[in-house]
Visitor: 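Sharing a structure below in structure tokens format, with a few things to ask.
This structure is a prediction, so every number in the text was calculated from the model and none was measured. Just so it is clear: chains get the letters A, B, ... in the order the sequence lines come, proteins before strands, and each one is counted from 1.
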2 protein chains.
Amino acid sequence: MEYLDQDTSNCSVGRAVGLVGQSWVLLILRDVTRGIRRFSDLQDHLGVSRSVLADRLGGLVDHGLLELHTYQEPGARRRAEYVLTEKGRDLYPLLTSLRQWGDKYLADPEGPALLATHHDCGAPVRARLVCDEGHVIGAPEEVDRTPGPSARPRPTADVPA
Amino acid sequence: MEYLDQDTSNCSVGRAVGLVGQSWVLLILRDVTRGIRRFSDLQDHLGVSRSVLADRLGGLVDHGLLELHTYQEPGARRRAEYVLTEKGRDLYPLLTSLRQWGDKYLADPEGPALLATHHDCGAPVRARLVCDEGHVIGAPEEVDRTPGPSARPRPTADVPA
DNA sequence: CAGCTAGGTTCGAAAGTCGAACTCAGCCGG
DNA sequence: CCGGCTGAGTTCGACTTTCGAACCTAGCTG
């Protein structure tokens with residue numbers, strides 16, 4: 001059980017939650033992935049307050065998940081558009097895991113509200129746990145957790161200097 | 001672009017965010033998955049306030065992600081222990097996606113704090129997008145999104161009754 | 001029977017979120 | 001040139017959530 005004594009404050013899960021666990025962030029990323037890219041369209045679809053939306057979009061740009069592009073169609077005013085960076089696109093597996101879990105446990109009886117299918121073959125898309133040898137992982141019990149290079153021992157109150 | 005006019009309020013991503021997107025919930029599930037199962041151990045590892053921890057654990061039990069077991073070792077007081085249900089264990093791919101993304105973009109320079117490896121072969125574990133035909137999905141652009149059985153048209157203000 | 005521990009609950013203060021109103025710039029019709 | 005419209009925010013006071021610290025309660029233990 002010694003890994004329980006590792007500090008989790010620099011665990012990647014914790015850091016990632018700090019970014020994408022803020023309210024509305026995952027929903028913003030879902031909608032941007034769906035092709036909704038403008039401030040007012042996002043506000044319209046999400047129903048979030050403008051102040052929070054502006055704050056979250058700013059944070060996502062600052063952290064490099066989105067880029068703000070301005071473009072101008074002829075005869076129209078300049079408009080802003082938020083597009084995913086690679087860092088943002090790399091969260092798509094996370095969104096898929098979330099959708100998949102929600103479809104299984106929280107969907108309406110008649111089925112999910114959105115189907116994701118492979119563009120090439122039309123088959124449903126899902127997230128799957130695998131190891132680098134190609135084995136499929138079915139349960140958390142099949143996974144060993146060991147401290148990595150940046151693991152720190154947990155600070156204990158009973159060890160004086 | 002017609003799928004942009006679907007209502008997203010009953011999308012599984014949104015519902016799932018409503019449950020697991022609450023602050024501390026994913027971190028609680030991470031630690032329970034790691035084997036930390038008692039109230040005070042969780043409070044100790046996470047640094048969350050007791051009131052919020054009690055609220056979140058209660059919510060997770062109510063929603064069937066955790067079960068509260070009480071047990072009594074001989075000569076000791078009765079103690080409580082929170083264990084994952086299948087519904088809770090099924091979030092493990094989500095936690096893995098989160099860890100994987102955090103390891104790639106937010107980890108310390110020397111590497112991640114926690115390594116997850118396959119118990120059978122020792123190879124690193126990762127989440128991967130696949131379709132049911134077995135094709136590996138590399139980018140969100142390879143996925144088609146179509147309205148499912150419970151999709152609703154988006155309420156519009158300009159359609160009178 | 002006083003003290004300790006596990007597992008909470010209660011409380012006022014601090015932080016976050018809300019909707020509504022306001023700002024600012026560029027385009028448009030008259 | 002003037003008033004209005006639209007996109008993209010910012011500001012503001014009310015409301016809600018989260019915080020840390022203190023308190024409570026059972027069941028052991030000396």
Visitor: Taking only N and O in the side chain of Trp24(A), is any of them less than 4.0 Å away from OP1 or OP2 of dC18(C)?
Guide: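 Yes, Trp24(A) has a side-chain N/O under 4.0 Å of OP1/OP2 on dC18(C).
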Visitor: Rounded to whole angstrom units, what separation is found between the CG atom of Leu46(B) and the C1' atom of dG20(D)?
Guide: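 Rounded to the whole Å, the gap is 16 Å.
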Visitor: Rounding to an integer number of Å, can you tell me how far Leu42(B) CG sits from dG8(C) P?
Guide: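 Roughly 11 Å, once rounded to whole Å.
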Visitor: Any sub-3.5 Å donor-acceptor pair from Thr85(A)'s side-chain atoms to Leu65(A)'s backbone N or O?
Guide: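 Side chain of Thr85(A) to backbone of Leu65(A): a pair is present.
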Visitor: Could you work out which one of dG7(D), dG7(C), dG9(D) sits closest to the side chain of Arg38(B)?
Guide: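 For the Arg38(B) side chain, the nearest candidate turns out to be dG7(C).
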Visitor: Would you sort out whether Val125(A) and Val130(B) count as a side chain to side chain contact (heavy atoms under 4.5 Å, CB included), showing the intermediate values?
Guide: CA-CA 6 Å; Val125(A) 170; Val130(B) 298; over 6 Å; no
Visitor: From the set dG9(D), dG7(D), dG8(C), return the single nucleotide nearest to any side-chain atom of Ala80(B).
Guide: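 Comparing dG9(D), dG7(D), dG8(C) against the side chain of Ala80(B), the answer is dG8(C).
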Visitor: In whole Å, what is the span from the CZ atom of Arg50(A) to the P atom of dG19(C)?
Guide: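 In whole Å, dG19(C) P lies 11 Å from Arg50(A) CZ.
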Visitor: Using a cut-off of strictly less than 4.0 Å between a heavy atom of the residue and any atom of DNA chain C, enumerate the qualifying residues of residues 51-67 of chain B by number.
Guide: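 When residues 51-67 of chain B is checked for heavy atoms under 4.0 Å from DNA chain C, the hits, listed by number, are Ser51(B), Ala54(B).
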Visitor: Rounding to an integer number of Å, can you tell me how far Gln43(B) CD sits from dA21(D) P?
Guide: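 About 11 Å, once rounded to whole Å.
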Visitor: Could you check how far CG of Asp44(A) sits from P of dG19(C), rounded to whole Å?
Guide: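 Computing the Asp44(A):CG to dG19(C):P distance gives 13 Å.
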Visitor: Base, sugar-phosphate, or nothing for Arg79(A), non-hydrogen atoms under 4.0 angstrom?
Guide: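 Since only primed, P, OP1 and OP2 atoms lie under 4.0 Å of Arg79(A), the category is sugar-phosphate.
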Visitor: State, yes or no, whether a side-chain contact exists between Val48(B) and Leu42(B) at a heavy-atom distance under 4.5 Å.
Guide: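 Of all side-chain heavy-atom pairs linking Leu42(B) with Val48(B), none is under 4.5 Å.
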Visitor: Encode nucleotides 25-30 of chain D as B, S and - characters from 5' to 3', where the letter depends on protein heavy atoms closer than 4.0 Å: B to the base, S only to sugar-phosphate, - to neither.
Guide: --BSS-
Visitor: What is the distance from atom NE2 of His45(A) to atom CG of Asp41(A), rounded to the nearest 0.5 Å?
Guide: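 Interatomic distance, His45(A) NE2 to Asp41(A) CG, rounded to 0.5 Å: 7.0 Å.
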Visitor: After noting the C-alpha distance and the side-chain angles of Asp103(A) and Arg99(A), does the key distance pass the side chain to side chain contact (heavy atoms under 4.5 Å, CB included) rule?
Guide: CA-CA 6 Å; Asp103(A) 284 349; Arg99(A) 184 179 49 70; 3.4 Å; yes
Visitor: For the pair Arg56(A) (side chain) and Ser23(A) (backbone), establish whether a donor and an acceptor sit closer than 3.5 Å, ignoring hydrogens and angles.
Guide: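 Judged by distance alone, yes, a pair lies under 3.5 Å.
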Visitor: Considering only residues two or more places apart or on different chains, which pairs with a residue in residues 47-77 of chain B satisfy ring-ring contact (aromatic ring centres under 6.0 Å, His included)?
Guide: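 Every pair satisfying ring-ring contact (aromatic ring centres under 6.0 Å, His included) with a residue in residues 47-77 of chain B: there are none.
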Visitor: Could you tell me the separation between the CZ atom of Phe39(B) and the C1' atom of dG7(C), rounded to a whole number of Å?
Guide: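 So the two atoms are 6 Å apart, to the nearest Å.
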Visitor: Please pick, from dG20(D), dG9(D), dC18(C), the nucleotide with the shortest atom-to-atom distance to any side-chain atom of Ser49(B).
Guide: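 My answer, after comparing the listed nucleotides, is dG20(D).
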Visitor: Could you please spell out the steps behind the salt bridge (charged side-chain N to carboxylate O under 4.0 Å, His left out) verdict for Arg15(A) and Asp108(B)?
Guide: CA-CA 11 Å; Arg15(A) 295 187 182 193; Asp108(B) 284 340; 2.9 Å; yes
Visitor: Can you tell me if Tyr82(B) touches the phosphate of dG8(C), counting only side-chain N or O atoms and a distance under 4.0 Å to OP1 or OP2?
Guide: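 For dG8(C), OP1/OP2 do have a side-chain N/O of Tyr82(B) under 4.0 Å.
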Visitor: Do the side-chain N or O atoms of Ser23(A) get closer than 4.0 angstrom to the phosphate oxygens (OP1, OP2) of dG16(C)?
Guide: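 For dG16(C), OP1/OP2 do not have a side-chain N/O of Ser23(A) under 4.0 Å.
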Visitor: Rounded to whole Å, please give me the gap between CD1 in Ile36(A) and C1' in dG7(D).
Guide: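 Taking CD1 of Ile36(A) and C1' of dG7(D), I get 17 Å after rounding.
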Visitor: Can you tell me the distance, in whole Å, between the CD1 atom of Ile28(B) and the P atom of dG8(C)?
Guide: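 It works out to 12 Å between those atoms.
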Visitor: Any donor and acceptor pair, going by atom type alone, linking the side chain of Ser97(B) with main-chain N or O of Ala127(B) inside 3.5 Å?
Guide: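 Checked: no pair found.
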Visitor: Determine whether a donor-acceptor pair (N or O, by modelled atom type, separation under 3.5 Å) exists between the side chain of Thr70(B) and the backbone of Arg79(B).
Guide: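 Not at all, since once roles are kept as given, no pair shorter than 3.5 Å links the two residues.
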